[in-house]
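From a predicted model like this one, the values you see are computed outputs, not experimental measurements.
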Amino acid sequence: FRVFYDFAKRKVIFIENYLYMLNFVQVLAIKCSKKQKSMYVFAISSLALLNMILIPMPYYTFINIILCPILVYFIFKVSILKSILAETIIYVISLLLGTPLILLFSNVLKIPSTLISTIPLFRILYTITFFILMYLLFLFLRKKNIHLPTILKFKNSNNSAILLNFIIGSISIAVQFYIEFTFVDYIPIYLIILSIVILLIYFSISLYSLIRTNKLETTTEELEKEQLYNQTLLVFYDKIREFKHDFNNTVQGIGGYIA
């Protein structure tokens, strides 16, 4: 049974990453082929398994956080912001679905949450329930056609700000993720919920600030283009007036000779 459990645990990573991918592709409205989806799931799952074997906990979590947006960027050919948001969506789903589910199992079964991840039977029940919830979330998002608007095309000048936000956010997510799942039995529920809310507020404010900055720069560029266009029109208008004046003088001169 132990051998079967270890084999299934490795296969589960592929299913987990596939479900995560379905959700962030839907939310971010990423147009991709089945080949791209398969490449991403295989790459991220294989690297995650390799990290679990070679790198101790919790350090491999940080490696996975870095790998995910890189793979999304190169495989799906999307913007830097969408790559980062894909990573964010994964951890938001983990926090919003995973943490409450662990607490629910712990209260219903009357066992510490650490046993849920260590005892194979409880781990299987939790994993199946979590996967069902993720798939139901995807079906809901697809049915309601819920996705972020096409405001995610940012200027290259904002890439440094996006990268800085990603680094800070990734560190905070990784630390929060590790603390909650390691000390979930010792941390009050209201603190866990509060930390999740704070993380969501942080990312919402960061995204809103970047959108506002990008919109302001775009508006400024459009105004400058309109001003340049108006100046060009004025130059053309002055030249046409000069031509008209000269043409009238020429016509009057020719008319005088004819008369």
Set of side-chain contact (heavy atoms from CB on, under 4.5 Å) partners for [X], sequence neighbours left out:
| X | result |
| --- | --- |
| Leu54 | Leu50 |
| Ser38 | none |
| Phe138 | Leu22, Asn23, Gln26, Tyr135, Arg142 |
| Glu222 | Thr218 |

Mind checking who shares a hydrophobic cluster with Tyr229, ILVMFWY linked at side-chain heavy-atom distances under 4.5 Å?
Leu233

How many angstroms lie between [atom1] in [X] and [atom2] in [Y], if you round to the nearest 0.5 Å?
| X | Y | atom1 | atom2 | value |
| --- | --- | --- | --- | --- |
| Phe74 | Met39 | CZ | CE | 12.0 Å |
| Ile119 | Leu125 | CD1 | CG | 11.0 Å |
| Ile111 | Ser106 | CD1 | OG | 6.5 Å |
| Met134 | Glu16 | CE | CD | 5.5 Å |

Residues two or more places apart in sequence or in another chain: which of them pass side chain to side chain donor-acceptor pair (under 3.5 Å) with Asn17?
Ser45

Listed partners of Tyr20 passing ring pair (Phe, Tyr, Trp, His ring centres under 6.0 Å), at least two apart
none

Does Tyr40 have its ring centroid less than 6.0 Å away from the ring centroid of Phe76?
yes

Hey, would you say the Tyr126 and Phe131 ring centroids sit under 6.0 Å apart?
no

Answer whether the closest heavy-atom distance between the side chains of Leu67 and Asn51 falls below 4.5 Å.
yes

Hydrophobic cluster identity match, Ile53 and Ile44, side-chain contacts under 4.5 Å
yes

